[in-house]
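What follows is one structure encoded as structure tokens, with my remarks underneath.
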Amino acid sequence: MIFVDEAAVLFVDADDAVDDGVRARFEFVVVRLDGDRYSIVELRRVRELRGVWRDIARDFGSPPRGVTGPPDDDVTEPAVFDTGEGLSVVLPDTHPAACGYETMAAAPSRGRVTHFPAAAPEPEAPPPAQTVETAFNAEFENHDDRQPLVENTAYVLAFYTGEPDPNASVSVPTTIVFEEGEADVKLTIQLTSDDFAIDEPSQELTVKRDGKSRGRARFGVTPQHEGRCVLHATVLKDGNFVQQIAIATNVGVPGTAMAEVTSAGRKFTPDETIRPRDLAIVVEQTPTGGLRMTLGGKEGPISGTTEMTPEQLDSLIADLRKSLKTIIDETFDDAAHKVAYTEAIDVAPAIRDATLEKLAEESFFVFRTIFHGPGADEGMKKIGAVLAGLDAATPRDIQVVTRRFAIPWQLLYAARKLEPIDARRFLGFSHRIEHIALETGWNVRQAEIRHDANLRIGVNVNRGIDEEMEATYVADQLAFFESLGESGKVRIEVRDTVKAVKNALTDPDLPDQLVYLYCHAKSNALNEGVGNSELQFEGTKPLTLKTLRNASDPDTPFRSAPLVFINACQSAELSPLFYDGFVPQLTQQGARGVIGTECDTPAIFAAAWAQEFFTEFLGGKELGDVMLTLRQRFLEQRKNPMGLLYAVHCNGNTRVEPGVGLSAS
């Protein structure tokens, strides 16, 4: 009796189609006929392989027999036995194939196979969600990195992951997240450059759970001029930004091939939810002071630059904000005898249409200036064309990755031409937009805000707003949150002094999972720095960014990873600088992200938006969906377009898990 090596046996079902290539690879085929009955086909006896295996077994196989065991020395013909460890194929010692066939073995440990187990094995648990620390390595293949590159010479730049390779030209650390059940991860590397011609600029790289890639992603690149030439590699997973690596090279000048390598990316937690994104737009400042954008994802890669400086961009956006403030403060509803946006939520259709027309005109000018203005190259124009060509009827997931939060993306009127005015051409009315900080090692928090039927919400308010405006906006919101607390599913803590808010926002043990701030805010011009940006409570008492930064412990982040909602209302001096300071500060302290108003928001609208927001969001809906739904709802049902003022500075998939399911009013 001899056990057959697994490599010599093919296990098939009776009705499987015959594969003509098996004769060269296998000596035997075990055909499962029904239940525990099998027939063994000795392929050396088969003249031709056609049809299904049932027919081959009938003509050339051993007589069907049931599985019995254990086998003994009385085996007289090829047979299948259940050995208790699975099914094994055995031959009589005198069988011709047992003599000299290299893949046979007499050791009982060989030939154990489980293709057709007598008893179904316990299913293996799917591999858990986890993050893997690895490194991106890159090199110019077949080139001595000690020598510079040569102009107009073709090279192969290869990327691969694994342990940092001391022989590689580039080696930068990265974190790759594996979802539950994923055996490996498919990354997309998109290469762009103003200095190199690139063959097939988008390549895929598969990474295993040990952090090593299956092979390499290879790019054909050719430097177009001498001097310092730069390649930008953007790494995506399902359209999500993971990392950007800038590789500066020396071409035709003394020095090594790789002159300098810089990298910035996201550091994922094991339980982070990564959902597909349609567009990823990386925005950074160029060495000469302009802006570079890289569009990745399904429409990319496209890279473009504009000579617009941060000061010029801030001035452009400031003009848009001034126009918004004028609309908010001066649009009068003659029929209702009130200021349309500061004294009411519901707006007359004619006023809404006039607002959209004015806002579209101002926003389209910003869009055109950024993507088609003086100093914008062909790449920027192509990115603008992609945004203008998005189907407004099909919501896209747009991820903006940037060091500065200067551009109000949801406010951009992205169109090929201004007229006819279509509200859906505002990106925020048609698409889900999230802003992510481009920082080295920024921690991405899990999307789920988990709780045990006792969600903690910190409500921080400036009670002086009611007195100042002779209204009950704060009181009404506090009554709303009190009703949530009375449900027993949410715990509410109210703070209304600068000291109480400061102590909360600098406490690593802050219990809040959601931090809500309804207050005034203020920020200065770009050249005055971010430190004096402030939140205001108790009337106009400031809580400055400088105070928060000085009082917080950078080495001990919030344990609760709260989502922070800054509902800044009637803030005449709110500029992009505010979020340039507060978003990085709060995320570095451990907040999972920030929701905020881009500019001056009417207090009455801010209060109404907050109640609608919490009712939807606490029910378990994803943040990106909630924001898009509310913008559309206020526009269509209440004729109010002010939802465009709210931006999401975090993962748009963020949600409360489980949903609280409240029905507060």
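Because the structure is a prediction, the values reported are computed rather than measured.
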Identify the two heavy atoms, one from [X] and one from [Y], that lie closest to each other, and give their separation to 0.1 Å.
| X | Y | answer |
| --- | --- | --- |
| Gly289 | Pro310 | O-CD, 3.2 Å |
| Ala603 | Cys569 | CA-CB, 3.7 Å |
| Gly593 | Cys650 | CA-CB, 3.3 Å |
| Ile189 | Ala233 | CG2-CB, 4.3 Å |
| His520 | Met469 | CE1-CE, 4.3 Å |

Classify the ring geometry of [X] against [Y]: parallel below 30°, tilted from 30° to 60°, perpendicular beyond 60°.
| X | Y | answer |
| --- | --- | --- |
| Phe613 | Phe565 | perpendicular |
| Phe367 | Phe371 | tilted |
| Phe605 | Tyr646 | tilted |

Would the distance check show the side chain of [X] and the main-chain N or O of [Y] forming a donor-acceptor pair, the cut-off being under 3.5 Å?
| X | Y | value |
| --- | --- | --- |
| His435 | Val648 | yes |
| Asn567 | Ala606 | yes |
| Ser363 | Ala360 | no |
| Asp512 | Val515 | no |
| Thr615 | Gln611 | yes |
| Asp377 | Gly304 | no |
| Asn653 | Ala447 | no |
| Asp195 | Val230 | yes |

Note, Leu313 side chain near Thr306 side chain (heavy atom, < 4.5 Å):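 With C-beta onward as the side chain, the pair stays apart.
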Would a 4.5 Å heavy-atom cut-off, applied to side chains only, mark Thr305 and Leu291 as touching?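 No, their side chains stay 4.5 Å or more apart.
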Under a plain distance cut-off of 3.5 Å, with no hydrogens placed, do [Y] and [X] share a side-chain donor-acceptor pair?
| X | Y | result |
| --- | --- | --- |
| Asp476 | Thr472 | yes |
| His337 | Glu343 | no |
| Ser303 | Arg292 | yes |

Quick check: Phe614 with Phe481 (ring centres under 6.0 Å apart)?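 Yes, ring centres under 6.0 Å apart.
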Heavy-atom neighbours of Glu467 CD exceed 12 at 6.0 Å: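 Atom CD in Glu467 is not packed in, count stays at 12 or less.
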CD of Glu307: more than 12 outside heavy atoms within 6.0 angstrom?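 Incorrect, the count does not exceed 12.
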Which residue is it: Thr597, Ile595, Leu586? I am looking for the one with a side chain to side chain contact (heavy atoms under 4.5 Å, CB included) to Ile566.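 The single option meeting the side chain to side chain contact (heavy atoms under 4.5 Å, CB included) with Ile566 is Leu586.
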Sequence neighbours excluded, which residues qualify as ring-ring contact (aromatic ring centres under 6.0 Å, His included) partners of Tyr341?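 Not a single residue meets the ring-ring contact (aromatic ring centres under 6.0 Å, His included) criterion with Tyr341.
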For residues 239-247, please give each side-chain donor-acceptor pair under 3.5 Å, one per line with the distance, not counting sequence neighbours.
{"residue": "Asn240", "atom": "OD1", "partner": "Gln399", "partner atom": "NE2", "Å": "3.2"}
{"residue": "Asn240", "atom": "ND2", "partner": "Lys237", "partner atom": "O", "Å": "3.2"}
{"residue": "Asn240", "atom": "ND2", "partner": "Asp238", "partner atom": "O", "Å": "3.4"}
{"residue": "Asn240", "atom": "ND2", "partner": "Arg275", "partner atom": "O", "Å": "2.5"}
{"residue": "Gln243", "atom": "OE1", "partner": "Thr174", "partner atom": "OG1", "Å": "2.5"}
{"residue": "Gln243", "atom": "NE2", "partner": "Pro173", "partner atom": "O", "Å": "3.1"}
{"residue": "Gln243", "atom": "NE2", "partner": "Ser263", "partner atom": "OG", "Å": "2.7"}
{"residue": "Gln244", "atom": "NE2", "partner": "Thr234", "partner atom": "OG1", "Å": "3.0"}

